[in-house]
Amino acid sequence: MTKQQLADTVIVFDFETTGLSPAQGDRAIEIGAVLIENGQIQDRFQALMNPGFAVSPFIADYTGINNQMLSTAEPCGDVMARFADFIAGHNLVAHNASFDWRFLEYELAAIGRVPSNAISCSMLISRRLLQHAPSHSLGSLVSYLNLPNDGVFHRALYDAEMTASLWLALLDELAQQFQVTEVDFALMQKIAKTPKAKLTKLLLNT
DNA sequence: TGCCAGGCCCTCTTTAGGGCCTT
């Protein structure tokens, strides 16, 4: 197997939240992230954070994060200040990145900070490179690609680690499907935004 | 178990509608 590595380091991150939209009052309750360098995880970040109100039974069931766990967690602002330092200067990756980016912007704005990182989406890229996958949810892709996992999903660090494995698998897919051996973050962003019909032309010209 | 929102993508499209993803 060709081992394709992205020249740039990236931080893959994932939020667990109280719901789907910060515009509707939802907040982050956990952040998990891994730093990928030279094709391997070199650093990790994980923290629960107290949103200041009770999470719904649905969210407690969905994530396994309950109000008792959050009662002793740091406030969102304290965690996010440390996380902002962790991601500073790095390119970011998330699965369905538009979701996590909205919460990142919201939680950083709450402490007077603004993210300036570039970001790319593993879901948009997998839709283009893995067109035969039955679903492009993170769990389905992990199963489809037979990526090693312990069956835990919907916790931030586990999902970040699974997304990191997916990201590395997508780099392998680029090498195997298209023989693309020079991959930088800007190309991954471009793939995410390229219509499927124009993907082959983009990659053959790379 | 799934609604909320937002963005992307496809098609029986573009003067629109609905499914997929994220929690």
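None of these values were measured; they are calculated from a predicted model. Here is how names work: the chains are called A, B, and so on, in the same order as the sequence lines, proteins then strands, and each is numbered from 1.
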With respect to the phosphate group of B:dC8, does any side-chain polar atom (N or O) of A:K193 fall under 4.0 Å of OP1 or OP2? no
Measure the distance from CD1 on A:I59 to C1' on B:dA5 and round it to the nearest whole Å. 14 Å
Separation of B:dC21 atom P from A:I125 atom CD1, nearest Å, is 15 Å
Within the 4.5 Å heavy-atom criterion, are A:T18 and A:F53 side-chain neighbours or not? yes
Are the side chains of A:V12 and A:I41 in touch, meaning some heavy atoms are under 4.5 Å apart? no
Separation of B:dA5 P from A:F99 CZ (nearest whole Å): 14 Å
Remember a base hit wins even if backbone is also touched, and classify A:F103 as base, sugar-phosphate or nothing at under 4.0 Å, heavy atoms. nothing
Selection from B:dA5, B:dT23, B:dC10 that lies nearest to any side-chain heavy atom of A:K196: B:dC10
Taking only the P atom of each, what is the distance from B:dC21 to B:dT15 in whole angstrom? 28 Å
Side-chain N or O of A:H136 versus OP1/OP2 of B:dC20: is the shortest distance under 4.0 Å? no
Give a yes or no on this: more than 12 heavy atoms of other residues, nucleotides or ligands lie within 6.0 Å of atom CD of A:Q131. yes
With a 4.0 Å limit, can you tell me whether A:S98 has a side-chain N or O closer than that to the phosphate oxygens OP1/OP2 of B:dT22? no
Spacing of the P atoms in B:dT13 and B:dG7 (rounded, Å): 25 Å
Heavy atoms under 4.0 Å, any strand shown: does A:L138 hit a base, just sugar-phosphate, or nothing? sugar-phosphate
Please determine if a side-chain N or O atom of A:H95 lies less than 4.0 Å away from the OP1 or OP2 oxygen of B:dC21. no
Using atom C1' in both nucleotides, what's the gap between B:dT23 and B:dG17 to the nearest angstrom? 25 Å
For A:A60, report the nucleic acid contact type (base, sugar-phosphate, nothing); a contact means any heavy atom under 4.0 Å. nothing
Taking the six-membered ring for Trp, are A:F86 and A:F83 parallel (under 30°), tilted (30 to 60°) or perpendicular (over 60°)? parallel
Would you call A:E107-A:R27 a salt bridge at under 4.0 Å N-O? yes
Of B:dA5, B:dC21, B:dC8, the nucleotide closest to the side chain of A:L124 is B:dC8
Between B:dT1 and B:dG18, how far is it from one P atom to the other, in whole Å? 26 Å
Which nucleotide, B:dC20, B:dT23, B:dT22, lies nearest any side-chain atom of A:S137? B:dT22
In whole Å, what is the span from the CG atom of A:L141 to the C1' atom of B:dC21? 11 Å
Is a side-chain N or O of A:Q177 found less than 3.5 angstrom from the main chain of A:L129, in a donor-acceptor match? yes
Quick check: on DNA chain B, is the nucleotide nearest A:I29 upstream (toward 5') of the one nearest A:S56, or the reverse? Name the residue that is more 5'. A:S56
Base, sugar-phosphate or nothing for A:D14? Non-hydrogen atoms, less than 4.0 Å. sugar-phosphate
Does the pair A:R113/A:D85 count as a salt bridge with the N-to-O cut at 4.0 Å? yes
In whole Å, I'd like the distance from the CZ atom of A:F153 to the P atom of B:dT23. 11 Å
Write down the distance between CZ (A:F15) and C1' (B:dC21), rounded to a whole number of angstrom. 17 Å
Find the distance A:Y62:OH to B:dT22:C1' and express it as a whole number of Å. 7 Å
Residue closer to the 5' end of DNA chain B, A:M123 versus A:A23 (nearest nucleotide): A:A23
Taking B:dC8 as the reference, what is the distance to B:dT14 when you measure between their C1' atoms (whole Å, please)? 16 Å
Rounded to whole angstrom units, what separation is found between the CG atom of A:D61 and the C1' atom of B:dC3? 15 Å
Using a 4.0 Å heavy-atom cut-off, does A:T18 contact any base of the nucleic acid, only the sugar-phosphate backbone, or nothing at all? nothing
Between B:dC12 and B:dA16, how far is it from one C1' atom to the other, in whole Å? 11 Å
